[in-house]
Amino acid sequence: MRHLTRTMALAALTALAAPAHADGTVEVLHWWTSGGEAKAVGELKSAFDAQGGTWVDSPIAGGGGDAAMTALRARVVAGNPPTAVQLKGPGIQEWANEGALRDVQDVADAEHWDDVLPPVLADIMKFDGKYVAAPVNIHRVDWLWASPEALATAGVEAMPTTWEEFNAAADKLMAAGITPLAHGGQPWQDATVFEVVVLGIGGADFYRQALVDLDDAALRSDTMVAAFDQLRKLRGYVDPNFSGRDWNLATAMVMRGEAGFQIMGDWAKGEFLAAGMTPGEDFLCAPAPGQGYILNADSFTFFNVSGEENIKGQKVLASLIMSPEFQKTFNLAKGSIPARTDVALDDFDICAQRSHGDLLAARDAGTLVPSMAHEMAIPRSVRGEFLDLVTQFINSDMGSAEAAAQLADAVQRAM
Ligand code: BGC
């Protein structure tokens with residue numbers, strides 16, 4: 001009896017002495033390694049640590065997450081999945097379908113996630129009616145970032161609102177000896193610019209037919225040929241050293257005024273902010289030419305792992321990610337807006353306010369479309385065909401009609 005009491009007292013003492021493990025452990029696989037991204041994920045780590053949990057960081061560098069997804073596959077095949085993984089769109093469904101994910105429906109029920117998430121996002125996070133992912137944000141892809149200094153030097157007076165205006169502004173920058181478009185030649189960046197142009201040239205219905213429904217006629221259409229024509233134009237506005245350049249280095253060219261524009265999602269804003277720059281003053285943001293809104297949301301999934309400590313960690317992380325305080329702090333650093341609809345945006349900047357206003361308007365007008373390049377729209381295998389073809393187009397002198405035909409053929413083969 002005495003022995004038992006002592007054991008219990010010891011156990012209580014041990015528990016007190018180890019608050020670091022009170023709230024679980026997570027190993028988090030993500031690809032947030034640029035300046036702005038690291039700052040944002042640092043917020044998540046600090047919040048998790050503050051709850052007494054243990055965070056094991058597993059960053060896999062590589063914008064857009066392609067390297068991270070390869071690493072994830074290897075970990076799962078080896079029977080050693082991370083506890084939490086940055087994953088999105090159809091990828092969530094694919095992994096859930098393989099039986100790899102644990103649901104966090106108990107957390108979602110207790111915290112009423114259904115009441116605070118836009119249905120379009122909630123649907124992506126669920127498998128078989130249960131939440132298997134927690135969304136952190138809403139990123140907009142179709143943005144134009146610009147250096148006010150470069151534009152002024154070249155005599156460009158306003159942010160372009162059509163592709164003709166964009167081309168005219170780019171010609172002026174070129175004449176002034178400034179690189180018109182900062183771009184990094186990596187397949188996901190090529191595809192990002194491509195989808196922005198597809199929306200801009202074809203509109204939201206066409207975007208949906210071609211990049212979401214994978215309609216053969218749309219892929220082969222004159223509209224697609226026209227989109228490739230504009231992409232060819234953009235290729236001419238890029239500097240010779242673009243191959244392999246990381247996206248944040250392209251953003252840095254705009255920061256330094258070496259380049260006029262960058263076409264990139266609003267994670268680029270995270271870079272400007274991390275460098276201490278203010279939107280509307282040190283850099284400019286405007287939607288890329290066209291009508292609509294390309295949606296990209298980041299989320300975390302919870303893989304099937306054993307051990308109470310790990311399962312606890314998953315629940316704590318899910319709850320933390322969805323807390324209004326965290327959604328605010330994180331998104332202020334990341335460049336995105338909160339996934340929750342009930343977080344006030346008063347402290348957010350003009351680009352975020354614009355994103356939010358345009359998101360609601362696009363939802364009402366039916367022009368809200370999911371990002372193909374950022375894995376919100378189609379299976380990874382088909383997305384891979386888009387990336388290959390678009391990159392091949394950008395790095396060759398392939399004609400636009402040829403590109404549209406080859407793209408349609410490749411998509412057909414992949415389906
Ligand atoms: C992710 C962003 C990330 C960007 C660049 C996108 O696919 O959604 O969170 O910042 O890739 O790495």
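Start at 1 with the first residue, then count along the sequence. Whatever order the structure lists ligands and atoms in, that order sets their numbers, starting from 1. Keep in mind that what you see is a predicted model, and the values were worked out from it rather than measured.
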Inset, instruction - Run the salt-bridge test on Arg208 and Asp205 with the 4.0 Å N-O cut-off and return the result as yes or no. - result: yes

Legend entry - salt bridge (Lys or Arg N to Asp or Glu O under 4.0 Å) contacts in which one or both residues fall within residues 382-401, not counting sequence neighbours: Asp66-Arg383, Glu375-Arg383

Legend entry - By salt bridge (charged side-chain N to carboxylate O under 4.0 Å, His left out) - contacts of Lys233 (at least two apart): none

Legend entry - Closest non-hydrogen atom pair, Thr251 against Glu271: CG2-CB, 3.9 Å

Please tabulate, one line per pair, the protein nitrogen or oxygen atoms found under 3.5 angstrom from a nitrogen or oxygen of ligand 1, with distances to 0.1 Å, or say none if there are no such pairs.
residue	atom	partner	partner atom	Å
ligand 1	7 (O)	Lys88	NZ	2.8
ligand 1	7 (O)	His374	ND1	2.7
ligand 1	8 (O)	Lys88	NZ	2.6
ligand 1	8 (O)	Asn296	ND2	2.9
ligand 1	8 (O)	Asp298	OD1	2.7
ligand 1	8 (O)	Asp298	OD2	3.3
ligand 1	9 (O)	Trp32	NE1	2.9
ligand 1	9 (O)	Asp298	OD1	3.3
ligand 1	9 (O)	Asp298	OD2	2.6
ligand 1	9 (O)	Lys334	NZ	2.8
ligand 1	10 (O)	Glu37	OE2	2.4
ligand 1	10 (O)	Lys334	NZ	2.8
ligand 1	11 (O)	Trp31	NE1	3.4
ligand 1	11 (O)	Gly64	N	3.4
ligand 1	12 (O)	Trp31	NE1	3.4
ligand 1	12 (O)	Glu37	OE2	2.8
ligand 1	12 (O)	Gly64	N	3.1

Legend entry - Set of ring pair (Phe, Tyr, Trp, His ring centres under 6.0 Å) partners for Phe166, sequence neighbours left out: Trp163, Phe261

Inset, instruction - Kindly say whether the aromatic ring centers of Phe283 and Trp143 come within a distance under 6.0 Å. - result: no

